[in-house]
Enquirer: 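Take this structure, written in structure tokens, and hold onto it; I'll ask about it next.
Note on naming: letters A, B, ... go to the chains in the order of the sequence lines (proteins, then strands), and numbering restarts at 1 for each one. When reading the values below, keep in mind they use all heavy atoms of this one structure, side chains included, and skip hydrogens, waters and symmetry mates.
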Protein chains: 2
Amino acid sequence: MTAPEPVLAARPGGRSARIRAAVHRAVVQLVAEDPADGLTVPIVAARAGVHATTVYRRWRTVGELLSDVATSRFSGEIVVPDTGSLRGDLRRWAADVATDLADPDVLALMRAALGAGGQQGACACRGDRERQLAAMIERERARRSGPVPSVERAADVLLGPLYYRAIFANAPGSPEWARDLVDILLPGPVDPTDDGARSRA
Amino acid sequence: MTAPEPVLAARPGGRSARIRAAVHRAVVQLVAEDPADGLTVPIVAARAGVHATTVYRRWRTVGELLSDVATSRFSGEIVVPDTGSLRGDLRRWAADVATDLADPDVLALMRAALGAGGQQGACACRGDRERQLAAMIERERARRSGPVPSVERAADVLLGPLYYRAIFANAPGSPEWARDLVDILLPGPVDPTDDGARSRA
DNA sequence: ACACGATCGCAAACATCACTGCGTTAACCA
DNA sequence: TGGTTAACGCAGTGATGTTTGCGATCGTGT
């Protein structure tokens, strides 16, 4: 009642932020270098130029650390486009996601987060993407009155193939391929004006 | 030229097979019990009633062990149906895969194999499924002369959503939902006789 | 049934990891 | 600008994981 927000107000100051960034960077590097090799706290700490104790205190286990890194990496990296139509939005967005998933380092991070982070890690990898999908579909629902695909179906048809190819087939799809996935979700003739390709105008 | 197959003929006799089975069973159990907890060789060995040395010698790392277990688990578990039509085959097969993926233990094993096994683990989880898909499509190609979807597209539309829901969304689809995925791959009116549901006749 | 050799169990040595106080640094606030 | 305290560095310790050499066991072919 006295102070505005007294409880649990952390101290995200300069040093903490610097250490957090260094550790995150170290994790990304190490996972990219040798995905199979078991990641341990001392190794990460050494690479980050930080003491292992610090890592143990901020992130209890390697799994939590990986989940945290994955959450940061897969949040805000892609922006929701606004082309004026759902088809155009989805096409550009799918192409962007495909481009992002084409980076081997990203794949290594996702696999590591899935393995060590379990349920937590899985959510870290897909949470933001599904939210973006929901935002685009919700916007379309407000725009038009006709039938709009559900978020679930959009995730099945778009994120399913995208993530499957990247993680399991280890052959990330091209942006063009990803763009065409939208035609599975939205049947009917393709309106040339609803293109997700970078307009040169 | 002298002996039939002299070189590198291992000794897959009774004891080796027994130990292999015990270790595999231990891995499945432990991964199912606590997916996030880091799996180590001593822990697996203790559960299997085998000495850690043996595990270290047969499988060099935990990653290789997990890949091996995943390969065994995801091979031969599902048989390729033969209903007489591609649509029927795929519908029943997709439903079977969905049923298999609904087991939390299977999900835990897949995540662990992805994390520790890397590329190897990923292939272990999808290899047999994609081969089955190719077999069904190849059979259809020999049966009819019309257009038949490619294996790649079938994997995108069927395995993509199936695996995505299981691994990332942690909400495995129902067999009925999986069955309907086939209608995305094979457009046109659904022939009632081409059903993948268990016929009660 | 016998001999050969691959595989396993065992124990010890070694390396690494995970955790715990305590002193020090530096971010936050008045 | 100075005090307060959360967060970090440090060193030591117990626990755990990994490797290696040797003797024993059990499958395999004759």
Side-chain angles (χ1 to χ4, degrees), chain A residues 1-27 30-31 33-34 36-69 72 112 115-117, chain B residues 1-27 30-31 33-34 36-69 72 112 115-117:
Chain A
M1 300 287 188
T2 58
E5 290 177 357
V7 289
L8 281 191
R11 184 182 287 190
R15 184 168 65 168
S16 291
R18 208 160 39 239
I19 286 182
R20 178 185 154 94
V23 171
H24 276 218
R25 182 166 32 244
V27 168
L30 290 168
V31 166
E33 287 173 11
D34 192 349
D37 203 29
L39 208 64
T40 64
V41 170
I43 295 177
V44 173
R47 172 65 66 97
V50 172
H51 260 74
T53 313
T54 302
V55 178
Y56 279 118
R57 280 200 266 251
R58 284 177 66 114
W59 304 273
R60 187 147 296 272
T61 69
V62 186
E64 293 185 26
L65 173 56
L66 275 169
S67 291
D68 188 36
V69 173
S72 305
Chain B
M1 302 283 187
T2 57
E5 290 176 358
V7 289
L8 281 192
R11 183 183 287 190
R15 184 170 63 168
S16 290
R18 207 161 40 238
I19 286 183
R20 179 185 153 94
V23 171
H24 277 218
R25 181 165 33 245
V27 168
L30 290 169
V31 166
E33 289 174 10
D34 192 349
D37 203 30
L39 207 65
T40 65
V41 171
I43 294 176
V44 173
R47 173 66 66 97
V50 173
H51 257 75
T53 312
T54 302
V55 178
Y56 278 118
R57 280 200 264 251
R58 283 178 66 114
W59 303 272
R60 188 148 294 274
T61 69
V62 186
E64 293 185 27
L65 173 56
L66 275 169
S67 292
D68 188 37
V69 173
S72 305

Enquirer: Side-chain contact test, heavy atoms from C-beta onward, threshold under 4.5 Å: evaluate it for A/Arg20 versus A/Val23 and give yes or no.
Expert: no
Enquirer: Taking the side chain of B/Arg15 as heavy atoms from C-beta outward, which of C/dC17, C/dA27, D/dT25 is closest to it?
Expert: D/dT25
Enquirer: Side-chain polar contacts of residues 38-57 of chain A - donor-acceptor pairs under 3.5 angstrom, sequence neighbours left out - could you list them?
Expert:
| unit_1 | atom_1 | unit_2 | atom_2 | d |
| --- | --- | --- | --- | --- |
| A/Arg47 | NH1 | A/Gln29 | OE1 | 2.8 |
| A/Arg47 | NH1 | A/Glu33 | OE2 | 3.0 |
| A/Arg47 | NH2 | A/Glu33 | OE1 | 3.2 |
| A/Arg47 | NH2 | A/Glu33 | OE2 | 3.4 |

Enquirer: Compare the minimum distances between each of C/dA18, C/dG9, D/dC26 and the side chain of B/Ile19, then state the nucleotide with the smallest one.
Expert: C/dG9
Enquirer: Under 4.0 Å from OP1 or OP2 of D/dA7: is there any side-chain N or O of A/Ser16 that close?
Expert: no
Enquirer: Please work out if A/Ile43 contacts a base, only the sugar-phosphate, or nothing of the nucleic acid, heavy-atom cut-off 4.0 Å.
Expert: sugar-phosphate
Enquirer: Measure the shortest side-chain to side-chain distance between B/Val31 and B/Val69 over non-hydrogen atoms and say whether it is less than 4.5 angstrom.
Expert: no
Enquirer: Can you pull out the residues from residues 48-65 of chain A that lie within a 4.0 Å heavy-atom distance of DNA chain C?
Expert: A/Thr53, A/Tyr56, A/Arg57
Enquirer: Atom CG of A/Leu39 and atom P of C/dA18: how far apart are they, to the nearest Å?
Expert: 10 Å
Enquirer: NE2 of B/His24 to CG of B/Leu66: how many Å apart, nearest 0.5 Å?
Expert: 9.5 Å
